[in-house]
Amino acid sequence: MSSTLRFGPPPMSSFTVEPRPEEVEQFEANGFLVVERITTDDELEWLTLVFDAVFEDETAYFRPGQHPDDPAPSLLSQSLFPELRFPELLQTTYVRNARRYAAALLRLPEEELTMWGHMIRKPPHTSLAAPWHQDEAYWEPELAYNAIGTWLPLHDVTVERGAMQFIAGSHLEGLLDHRAESGDPRINLLVADSVDESRAVACPLPAGGATFHHPRTLHYTAPNTTALPRLAFPVEFQVHPVRRSTPVERPWVTAFREATGATGPTTYVADGVVVPVPRA
Ligand SMILES: O=C(O)CCC(=O)C(=O)O
C-alpha cells in the first residue's frame, strides 16, 4: 500500500551542496568520496521515522545473508525501493543534493540520472558484515549501466557500527569474481575473490554525511558491535540501463538463478516508477 504521507512531507530545507572540482578529481582517482554534510538533522529525524516504518513490515524486507527459512532473527535486513511505498523520499534534501553530486561526479547532466533506493538495517551487538564486493557484481548481466552509489547513514557512524570501507583505486582494476559468502548460492550475499584488505580506507561519518562510490569500487562494512542499530539509506543514481547485445559472464548470478528460479531482468525502478527493461 502506498503511503498517505504518514509522517508528513520531508522537512523543508534550502540546504544545497555541490562538489568542488578537486572532489570530482578525487572521486575519479579513488573511486569513492566522503561528503561531510549532505542533508539536515531535521531530515535525518524524518528519515528515521520512514526507515522504522519500512522495517515494521516483515514482508517488506529480506535478509541477504540468511536462508529465508532460517528461524533466527535477522542479522542484516534490506528493503529494496522504499520510494515505491514512500514516494516522498524523492523530495528529500538528501536525494536532491546527492543527485547533483552524482551528476557532477559522473560528468553528466542531472536530467540524465534516475534514482532507486534501498534501506539496510544492522541490529545492535551482533550483525553480519556486508562482505567485500563491487556493486556491479549484483547487477543484471544482460544490461549495461552507467551509475554511482550514495550511502547515507541516519546517524553518526563508526567503523564498529558499520561505516563504509573502500579499496582506493579498485574501480580501475576490473570486475573481480564473486561468490555467495555462505557457499549456498540461494543466499545472495556476495564476496569478491582476492581482496587485499590491507588497502582498506575506513570512512566513519558524522550524522548528515554521506559517501559516494563507483559500481566497481570494492567496499565493505563491519558487523555492528555497538549497542545501537546501524541504519543506512543508500541510493543508486543511474542513466537508464540498456540491453547488451551479448550478456556478460557472471557465474555467481547464473548459480543464484539456477538455485532459486530467479529469471533475467524484466523491469527496473527509475525515480519511483517501475519501467520495463528494453527489449533485445
Ligand atoms: O549498508 C551496508 O552495510 C552496505 C551498503 C552497500 O554495500 C552499498 O550501499 O553498496
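Keep in mind that the numbers below use all heavy atoms, side chains included, and drop hydrogens, waters and symmetry copies. Note that ligands are numbered from 1 as they come in the structure, with each ligand's atoms numbered from 1 the same way. Values in this document were obtained by computation on a predicted structure and should not be read as measured data.
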Q: For ligand 1, which atoms, with element, lie under 4.0 Å from some heavy atom of His213?
A: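 Under 4.0 Å from His213, ligand 1 has these atoms: 10 (O).
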Q: Name the closest protein heavy atom to atom 4 (C) of ligand 1, giving the residue it belongs to and the distance to 0.1 Å.
A: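 The closest one turns out to be Ala130 CB, 3.8 Å.
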Q: Between the side chains of Arg99 and Asp271, is the shortest nitrogen-to-carboxylate-oxygen separation below 4.0 Å, so that they form an ion pair?
A: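 So Asp271 pairs with Arg99 through a salt bridge.
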Q: Evaluating non-hydrogen atoms only, which member of Gln78, Arg230, His133 is closest to atom 2 (C) of ligand 1?
A: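 That would be Arg230.
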Q: Where's the contact between Asp135 and ligand 1, heavy-atom distance under 4.0 Å: side chain, backbone, both or neither?
A: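 The part of Asp135 near ligand 1 is the side chain, not the backbone.
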Q: For atom 10 (O) of ligand 1, what is the nearest protein heavy atom, given as residue, atom name and distance?
A: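 Protein heavy atom with the smallest distance to atom 10 (O) of ligand 1: His219 NE2, 2.9 Å.
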Q: What are the two closest non-hydrogen atoms of Leu105 and Glu23, and how far apart are they?
A: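 Looking at all heavy atoms of both residues, the closest pair is CD2-O, 4.1 Å.
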Q: Salt bridge check, Glu18 against Arg96: does any charged N sit closer than 4.0 Å to a carboxylate O?
A: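 No.
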Q: What are the atoms of ligand 1, with element, lying closer than 4.0 Å to any heavy atom of Lys122?
A: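 With Lys122 as reference, the close atoms of ligand 1 come out as 3 (O).
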Q: Mark yes when over 12 heavy atoms from residues, nucleotides or ligands other than Glu58 sit less than 6.0 Å from its CD; otherwise mark no.
A: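 12 or below, so no.
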Q: List the steps and the verdict of side-chain contact (heavy atoms from CB on, under 4.5 Å) for Lys122 and Arg161.
A: CA-CA 8 Å; Lys122 290 191 182 203; Arg161 200 171 171 185; over 6 Å; no
Q: Just need the protein heavy atom nearest to atom 3 (O) of ligand 1, so name the residue and atom and give the distance.
A: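 In this structure, atom 3 (O) of ligand 1 has Thr221 OG1, 2.7 Å as its nearest protein heavy atom.
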Q: Mind listing the closest non-hydrogen atom pair of Ala259 and Pro185 along with its distance?
A: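 So the minimum-distance heavy-atom pair works out to CB-CG, 4.0 Å.
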Q: For ligand 1, which atoms sit closer than 4.0 Å to a heavy atom of Pro234?
A: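 Selected atoms, number and element: 9 (O).
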